[in-house]
S.K.: 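One structure, as structure tokens, below. Some questions next.
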Amino acid sequence: MPSWLGQAARRGLLTSRYPVAPATPAETPESARPPRPSGNSGVPVAAVDACPVRALEPSGVDDGKCIRCSRCLAHGLGYSGPVEASAATRDALVSRGSAPPLPAAKRAPLADFGRSVHVFLVDVGSCNACNLEVLALANPFYDTTRLGIFFTNSPRHADVLLVVGVPTEEMRAPLLRAFEAIPSPKAVVAAGVCPISGGVFAGNAGVLGPLSDVLPVDVFIPGCPPTPVNLIDGLLRAAGRSRPRGGA
Amino acid sequence: MTAAPWTVADRDPSPWETGPVAAYGARDGTLTLYNDYASGRAILWPGPAAGRASELVALWNRRGNAGRLRPVGPSEPVEGYGVFTFPYGPISMGVPESGRFDVRTYGERILEITPTAGFKDRGILAALVGRSVPDATLAIERVAGHLSAAHVSAFLAACESAEGRDVPTTELWVRALAQELQRIYNHVHVIARIAEAASQNVGLAQTHALAEEVLRLQAALFGHRWMFGGLVDGAALRKLGPRERDAAAATLRRLADQFEELWTLFLDSRTFVDRIQATCVVDRETALRWGAVGPTLRASGVPWDDRLRQAVPPYTDLYLELPKESDGDALSRVVVRAEEVRASFLLLEQLLSRWKGEIGGREPAAPPAAPGRGLARVEAPSGDLVYDVTVRDGTIRHVGMRTPSHANWPAFAVGLKGGVFTDFHFAYESFGFSFAETDG
């Protein structure tokens, strides 16, 4: 006689130990990491030419543009960047070879959310993959309520505006209304390369450009789409609980 | 050269008595594709649609008058005492995508509902002109990320047909593998969304976990949870070795067993079944009148599946049975989806077990619809997806598409008339809509 509880019990505990333990390989497919040149050399010219979104420069990789298309893998790069790739500034997403990233510009620290955040999701022009990855945070594998990350149905109850998709003309007004409806203190998180740089849609008709042109962005989460582990890293950063970029 | 997946009409099919239904119409009126459900044939007419078909084609190809917003369903304004318009969206947590629904109501019943798309219009198709096929594919993958396999497969098949390029058989097998995995993910996701709306929370968590495991399997096989880059023309295909295939087959067997158990429990759960039974009925006549496709059409008693109509492997070599439902309500659509999940597990088992080493050989492309112009259709999770691509010298000149979302919006709007507000989510989710692919 099958029963809901019986079959749930048989499956046992599924929930990830991340971020207490490092993310497992199943949680971090290749696309969870930004590409990096192998060894200490810079980015080969062939890879720079092959990149369809100009994420590669001879001096380094711009994680905020990389759509994980894998074309540079044939030219000496590998998905070996950090899983914790989120950053508080746009500049910090640009890695410069093997040199340590430039110190982030001084800016006001994020609001103190008491280590727990309520998140309001706004889709301003996504392909739906980012929406579904955010939705996946609620599944038993990631279950972000264990980390004090909650999703709300109203901007009035939110601390964090989580924006996915490339900002379009038609979504500008609704986005601004949602932002204004969130009480202060608040933070804006741009998830995925679309709101960071436009990704593969940069320059299309009807596309506004980076989200930072429309709203002040506090945390950038690169990825196309960012995996749930990438999203957890970025949301913890917004909650004031992050580890330094590149750590662990 | 393989057989064309359609017959070319020598006279305009739209006034025919038995009524072939429009399946795609080019914006410039140069060609129209019809499905003749009576004879089970597709018909290509090198001219503009007429009569009822032209209404549908105009609805699919509608552009916003001012800005990019446009209604995607029929609109017959309802008036009456106390009737007002209730706008729902574009940002609403019930529908995780951005789109608006204008509900005409006096407070409880939905007298009329008009979905409005265009909020997420990223101008993708126009921006493809002038790009090479591999570069364009990167954008096509991201038309709708959760439907990437279907979109890329249809787009590439259209390009191959336009350029007369034959295609390695292995690539066709990889495309089918990706499409069936994605079909399972999407159907399971629909069931999870309906479980969520019905507050069937244990069921939601377990189905949600199942969907996550499908994503992880996609990542293991393609290096990306949504298989972006996995099917791109010219990109290195993952070499699926025997070890990877065996591991995938074992995972799929486990997931199939889990799904069976979950689905039995769902059908026993009154909270789940009661909310979708007799909700948003799309009967056979409505489905045909408004050009519905996919599980929506099959739930209304019309057996049509593009996979059975493919003239190329691997679907020609695989066993596939169509589910039979005819009530046309949300329950029928969900039952059809569940049956298709079973069928997809079976197809994947056949695919993986017959995959002995490299699959050699090449398959000729389908004949072009016109010189330099390819038309291709694929059975996406929510139905028939059509791409119309014109390629010259390896460069995209024009891309048109008609997605299952385009085709199913009118049936949804007509079916939900007379329903109540709380029916909305069950109705909406049962169609598997995507604003992303509607907007393009």
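Naming: A, B, ... by sequence-line order, numbering from 1 per chain.
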S.K.: Considering only heavy atoms and a distance below 4.5 Å, find which of B/Ala127, B/Gly203, B/Ser98, B/Ala219 pairs most often with chain A.
M.R.: B/Ser98
S.K.: Atom OG of A/Ser31 and atom CZ of B/Phe228: how far apart are they, to the nearest 0.5 Å?
M.R.: 9.5 Å
S.K.: For B/Glu97, is it the side chain, the backbone, both or neither that has a heavy atom under 4.5 Å from a heavy atom of chain A?
M.R.: both
S.K.: Just to verify, what does B/Glu213 make a salt bridge (Lys or Arg N to Asp or Glu O under 4.0 Å) with, not counting sequence neighbours?
M.R.: A/Arg11, B/Arg254
S.K.: Check each atom of B/Tyr185 against the heavy atoms of chain A and say whether the ones under 4.5 Å are side chain, backbone, both or neither.
M.R.: side chain
S.K.: Is the backbone of A/Ser126 close enough, under 3.5 Å, to the side chain of B/Lys120 for a donor and an acceptor to pair up by distance?
M.R.: yes
S.K.: Side chain, backbone, both or neither: which part of B/Ile91 has an atom under 4.5 Å from a heavy atom of chain A?
M.R.: side chain
S.K.: Can you tell me which portion of B/Arg100 sits under 4.5 Å from chain A's heavy atoms? Options are side chain, backbone, both or neither.
M.R.: neither
S.K.: Among the options B/Thr207, B/Leu265, B/Val202, pick out the one with the most heavy-atom pairs lying under 4.5 Å from chain A.
M.R.: B/Leu265
S.K.: Can you tell me which portion of B/Leu204 sits under 4.5 Å from chain A's heavy atoms? Options are side chain, backbone, both or neither.
M.R.: neither
S.K.: Anything in residues 44-54 of chain A with a heavy-atom distance to chain B below 4.5 Å? Please list those residues in order.
M.R.: A/Pro52
S.K.: With sequence neighbours excluded, what pairs up with A/Arg71 under the salt bridge (Lys or Arg N to Asp or Glu O under 4.0 Å) test?
M.R.: B/Asp135
S.K.: Quick check against the 3.5 Å criterion: does B/His224 have a side-chain atom that pairs as donor or acceptor with the backbone of A/Cys69?
M.R.: no
S.K.: Given that the side chain runs from C-beta out, which part of B/Ala126 has a heavy atom under 4.5 Å from chain A: side chain, backbone, both or neither?
M.R.: neither
S.K.: Enter the distance from A/Ile67:CD1 to B/Arg142:CZ here, rounded to the nearest 0.5 Å.
M.R.: 4.0 Å
S.K.: With rounding to the nearest 0.5 angstrom, report the CD to CG distance, A/Glu170 to B/Leu69.
M.R.: 3.5 Å
S.K.: Among B/Arg122, B/Gln200, B/His146, which residue has the highest count of heavy-atom pairs closer than 4.5 Å to chain A?
M.R.: B/Arg122
S.K.: Using non-hydrogen atoms and a 4.5 Å limit, figure out which bit of B/Glu141 sits close to chain A: side chain, backbone, both or neither.
M.R.: neither
S.K.: Tell me, for A/Glu169 versus chain B, whether the close heavy atoms (under 4.5 Å) come from the side chain, the backbone, both or neither.
M.R.: side chain
S.K.: Who in residues 194-204 of chain A is close to chain B, using a strict under-4.5 Å heavy-atom cut-off?
M.R.: A/Val200, A/Phe201, A/Asn204
S.K.: Is the side chain of B/Glu212 donor-acceptor paired with the backbone N or O of A/Asn139 at a distance under 3.5 Å, no angle test?
M.R.: no
S.K.: Measure the spacing between CD of A/Glu27 and CZ of B/Arg216 and express it to the nearest 0.5 Å.
M.R.: 5.0 Å
